[in-house]
Amino acid sequence: MMIRIEQSGKKHSGGVKLWKVLTTAYKLVLLEWCGIMGYAALGLPLAAAHLDDPNNQQLQLQIPPAHKWRLVLSYDGTRFSGWQYQPSTPTLQCLLEQALTRVTKLERKDLCVVGASRTDAGVHALGQVAHFVTPFNYDGLQDMHAALNGLLPPDVRIREVSAALPEFHARFSVTGKIYHYKIYNDTVMDPFHRLYAYHNLSKLNVSAMKEASKYFVGKHDFSAFANAQRNDRTVNPVKNISRVDIIEKGPILQIEVEGSGFLYRQVRNMVALLIQIGREALPPDIVPKILETCDRKELAKVALVAPPHGLFLVEVKYNEEHIQLPKNGPATSFGRHHSISKCKLQYY
């Protein structure tokens, strides 16, 4: 792969010299544009080419290809402090990176692990997606898949491992996400659901909740349903919600939300308002009124955020072009089936 960079200012004798003077931010932007996000962090040597046109001061850098891998994970988020890496507390990204460093023999900074959704503490996932990079290729993925699951605790499983195109990015290639929120709507909580559903004692008016849910569908500014960001990122508050379905399964009320993207704690705030409407404390038409305010304080006056343990990240949807398998890459691993050819029992 050849990258052409326009130089300005004084001349440089080689590509490595120019690479050193570039800022880290510029390197990442440059490499992301080339479809090999994170290659700068791999620490691999850059083969500098000659200055092919000294008058225009154009430089060519030869960068060896990196290999990108896509993971699909499921986890019980009960005992974890969310997805995002934190050195002082157990997180899903931290556990995954520890397993990957042992299997690949690479450092954490070299792997450049990125998750599709930075789920909160206590939130579960059936279809979280992540990617990482390596400077080497794999002929097959089943051994690596088995090794990773062998190192991870039983409440975290990697369901799928596949090769990914350079253009694929676990976060930036996303076109949509599906979340489910479960409510156990009965007087006595089933102990087998206590970690995976919010217990609501009062009988909910499901018809009113379904009527209110229709107001969420479409493109809206969801500022009123977003908690304050934990970082300085500027996020577009306008999101497109394609469906909000409320399904009754005995005492379980499952709220399914699908959209192009979600703000911080948006789904849990939407559910909180629907619960208040189901309790008949608020009318269904309160939804568009709160949406119009674009003010989180207005929602806080009538509903508190729903607890995290009822929320599941079910699926992450991607640009179809980005999730194609690379040519001549290893086959996708869905796990290895073990078989026993003979079972010999002792005679008694």
Trainee: As a test of understanding, state which of Val271, Val267, Leu291 forms a side-chain contact (heavy atoms from CB on, under 4.5 Å) with Phe225.
Mentor: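 Single pass found, and it is Leu291.
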
Trainee: Look only at the side chain of Gln266 and the backbone of Phe222, and say whether a donor-acceptor pair between them is shorter than 3.5 Å.
Mentor: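 No, because the side chain of Gln266 does not come within donor-acceptor range (under 3.5 Å) of the backbone of Phe222.
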
Trainee: Will you find, in the side chains of Tyr179 and Ser117, an N or O donor that is under 3.5 Å from an N or O acceptor?
Mentor: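 Result is yes, a qualifying pair exists.
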
Trainee: Count I, L, V, M, F, W, Y as connected when their side-chain heavy atoms are under 4.5 Å apart, and connections chain through other members. Are Ile323 and Val129 then in the same cluster?
Mentor: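 Yes; tracing contacts between hydrophobic side chains, which count when under 4.5 Å, links both residues.
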
Trainee: Judged by atom type as modelled, is there a donor-acceptor pair below 3.5 Å linking the side chain of His220 to the main-chain atoms of Tyr215?
Mentor: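 Yes: the side chain of His220 pairs with the backbone of Tyr215.
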
Trainee: Report yes if the distance between the aromatic ring centroids of His124 and Phe312 is under 6.0 Å, otherwise no.
Mentor: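 Yes, ring centres under 6.0 Å apart.
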
Trainee: Is it true that a side-chain atom of His199 and a backbone atom of Asp186 form a donor plus acceptor pair closer than 3.5 Å?
Mentor: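 Checked: pair present.
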
Trainee: Using a cut-off of 6.0 Å, state whether more than 12 heavy atoms not belonging to Arg102 lie near its atom CZ.
Mentor: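 No, not enclosed.
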
Trainee: Any idea which heavy atoms bring Arg159 and Ser74 closest together, and the distance?
Mentor: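 Closest approach of Arg159 to Ser74, heavy atoms only: CD-OG, 2.8 Å.
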
Trainee: Taking the cut-offs as 6.0 angstrom to the six-membered ring centre and 45 degrees off its axis, would you call Lys182 and Tyr196 a cation-pi pair?
Mentor: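 No, Lys182 does not lie over the aromatic ring of Tyr196.
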
Trainee: Just by distance, do the side chain of Gln324 and the backbone of Glu320 share a donor-acceptor pair under 3.5 Å?
Mentor: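 Checked: pair present.
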
Trainee: With no hydrogens and no angle check, do the side chains of Ser162 and Arg70 hold a donor and an acceptor under 3.5 Å apart?
Mentor: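 On atom types as modelled, these side chains qualify, holding a pair under 3.5 Å.
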
Trainee: Report the C-alpha distance between Asn227 and Arg268 in whole Å, list the side-chain angles of each, state the deciding distance to 0.1 Å, and finish with yes or no for side-chain hydrogen bond (donor to acceptor under 3.5 Å, both in side chains).
Mentor: CA-CA 10 Å; Asn227 283 39; Arg268 288 165 58 191; over 6 Å; no

